[in-house]
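Excluded from the calculations below are hydrogen atoms, water molecules and symmetry mates; all remaining heavy atoms, backbone and side chain alike, are included.
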Amino acid sequence: MQLKNLVAALPKTSTVAANITIEDDINPARELLVRERPFSEQGATEISVGLYVIDLFKIDEARQSFEADFFIEFRWKDPHLVMSQSHCSIASCRKTLDEIWHPAARIFNQRNLTKNFETTVVAPDGTVVCGQRFNGLVSSPLNLKRFPFDEQTLKIQIMSFVFSPDEVQFLVNHHLTGLAEEISLPNWSTNTPIAHTGSRHIAQLNQSFVCFDYELQVKRYTAYYITRVILPLILIVLMSYAVFWFPPGQIMPQVTISVTAILSLITYEFTLQQSLPQVPYLTVLDKFVIGAMVMVFLALVETVTTIELAEVKLQFLALDLDSWLRWLFPAFLTGLAAAAFWL
C-alpha cells in the first residue's frame, strides 16, 4: 500500500523533461570528489537503491530494446547534512543533486530515456532520499534462437561512472524494487523481478564501477504464432501432399496443386516477414519455414518425375514412388517439426 501511494504521489509532469545521454550523465568527477564523501573514513558509503517498473509498453526484437516507465529511489545518509529541529523547514529539506554529494548513479544501458521527475529530500538526521522517474527505450540483448518459444531477460543497469566499489556500495531496497501488477505488454508473461548489486569493469577506461542490476524474466505467449503462422504452414505442406494420391497419368491436377502450393508458400513468406524479427541467425520458426519450403519444392519435383516416368511407359515405378512417399512425406513433416521445435 505504501508503494502504491508513493507512485501515485509522483507528479505527472516535470519542470524540465530532458533526453538523457551517456555523455551528459557522466558528471564531472572533480566536482563530486571535492565534496567530502559521507563516512569516507569508515570505508565504502552505502547507498540503498530501489527500482519499481510502473509499466512495460513494448519489446522491440529488431532493435534489441524495450520501452518502460519506471521509478528509481536512492537513499543514503550524509552526516554533513544533519540539521537541528530549529533550522528544519520544507525549504531547507528540499535540495538538488548539484547542492549535495551524490553517488553519480546513471542508467548504463539507456537508449532514449526521458527523465520526467526528480526530487531530493534531506531529513533532519541527514538521510537523503532522491527519487527519479524515467520513460523511454532501454537496450537489452535478446536471444531469439528459440523464437517464438523464447524466454528473455530484460535488464535495467544502474552504474556510477565516478566511484569504485571500494568507495560506494549499492544495496538493494527490496521493499521498493518490483513490478506493477498490470502492465501494457499483452504478448508476454512476466515473473517476479530480481535485483542484485556488484561491479562492472569498463575495458576502455580500465576501471571498475559499482552497479545495480534489475532483471525481469519474460516469456512469450505462443498461441498467436501457433494458430497464425505454424498451422497455416502445415496446411500448405499438406496441400502439396495430395499429389501423391493422384494416378501418374492425371497431369493437370498434380501440376495445379504443386504450383499452387509453391505460390501460396512464397506469398505467405512475404507476409510472414513483417512479423518475424530481423536477426542474423536462424530462429526456430525460420528453420521450420525453410524446411516447409524444401518439402513443397520436393513434392513438385516428385510430380514432374512421376509424369516423366508415365510418359516413358514406366508407370509401375511412378506408382511405387507415390506409394512410398505417401508414408514418408508425413514422417518427414513430423521429423521437421521435431528437429525445428525441440532439438
Side-chain angles (χ1 to χ4, degrees), residues 14 16-52 68 70-82 93-123 126-140 155-173 176-177 195-215:
S14 62
V16 178
N19 289 328
I20 308 301
T21 62
I22 290 294
E23 290 78 7
D24 296 333
D25 280 347
I26 304 178
N27 289 340
R30 184 178 304 170
E31 295 183 6
L32 291 173
L33 294 176
V34 165
R35 304 170 189 152
E36 186 175 353
R37 178 170 56 84
F39 305 106
S40 57
E41 68 284 352
Q42 300 178 15
T45 302
E46 294 184 348
I47 311 292
S48 172
V49 184
L51 193 153
Y52 184 76
F70 55 95
F71 174 77
I72 306 174
E73 181 193 88
F74 301 96
R75 185 185 294 262
W76 68 93
K77 201 161 187 178
D78 191 340
H80 307 100
L81 301 177
V82 175
C93 288
R94 294 191 178 275
K95 302 287 185 179
T96 64
L97 289 181
D98 293 334
E99 298 178 274
I100 61 175
W101 179 93
H102 61 89
R106 300 294 182 264
I107 300 173
F108 178 68
N109 60 328
Q110 69 86 27
R111 177 165 291 180
N112 187 16
L113 282 178
T114 298
K115 182 187 290 185
N116 293 328
F117 171 82
E118 179 176 282
T119 183
T120 304
V121 177
V122 180
T127 299
V128 182
V129 180
C130 175
Q132 301 173 338
R133 183 169 179 174
F134 297 87
N135 69 71
L137 289 177
V138 180
S139 64
S140 185
K155 297 181 181 181
I156 301 177
Q157 300 170 326
I158 301 173
M159 189 169 68
S160 171
F161 290 97
V162 174
F163 298 103
S164 68
D166 296 331
E167 298 170 316
V168 167
Q169 181 182 5
F170 285 158
L171 304 176
V172 179
N173 183 344
L176 176 64
T177 300
H196 54 87
T197 61
S199 62
R200 181 167 289 106
H201 184 75
I202 306 299
Q204 292 83 349
L205 302 177
N206 193 26
Q207 190 174 353
S208 295
F209 299 100
V210 64
C211 66
F212 168 97
D213 290 342
Y214 176 98
E215 298 181 355

Heavy-atom side-chain proximity of E118 to L97 below 4.5 angstrom: yes
Worked verdict on V210 versus Q169 for side-chain contact (heavy atoms from CB on, under 4.5 Å): CA-CA 7 Å; V210 64; Q169 181 182 5; 5.6 Å; no
Gap between atom CG of L51 and atom OG1 of T177 - 0.5 Å precision: 6.5 Å
Trace of the side-chain contact (heavy atoms from CB on, under 4.5 Å) decision for F70 with L113: CA-CA 11 Å; F70 55 95; L113 282 178; 4.1 Å; yes
Taking every non-hydrogen atom, the tightest pair across N173 and E73: ND2-OE1, 3.5 Å
Side chain to side chain, F71 and L176, heavy atoms closer than 4.5 Å: yes
Side-chain heavy-atom pair P103, I47 within 4.5 angstrom cut-off: yes
Verdict with supporting geometry, T197 and V172, side-chain contact (heavy atoms from CB on, under 4.5 Å): CA-CA 7 Å; T197 61; V172 179; 3.7 Å; yes
F163 ring center within less than 6.0 Å of W76 ring center: no
Shortest non-hydrogen contact between Q132 and K115, atoms and distance: NE2-NZ, 3.8 Å
From CZ (F117) to CZ (R133), nearest 0.5 Å: 9.5 Å
Flag side-chain contact, heavy atom, 4.5 Å: E46 against V168: no
Taking every non-hydrogen atom, the tightest pair across I158 and A105: CG2-CB, 3.9 Å
Shortest non-hydrogen separation from P165 to A44 and the atoms involved: O-CB, 3.9 Å
Backbone N/O of V138 and side chain of N109: donor-acceptor pair under 3.5 Å: no
Parallel, tilted or perpendicular: ring planes of F74 versus F170, cut at 30 and 60 degrees: tilted
Spacing of S160 atom OG and F108 atom CZ [to the nearest 0.5 Å]: 12.5 Å
Considering all heavy atoms, the nearest K77-F39 contact: O-CE1, 3.3 Å
Nearest-0.5 Å distance, CD of residue E36 to OG1 of residue T45: 9.5 Å
Euclidean distance, M159 CE relative to I202 CD1, rounded to 0.5 Å: 4.0 Å
P38 to H80 - nearest heavy-atom pair and separation: CA-CE1, 4.4 Å
CD1 on I156 to CD1 on I72, rounded to 0.5 Å: 7.0 Å
Criterion side-chain contact (heavy atoms from CB on, under 4.5 Å) on D213 and R200, from CA distance to verdict: CA-CA 10 Å; D213 290 342; R200 181 167 289 106; 3.0 Å; yes
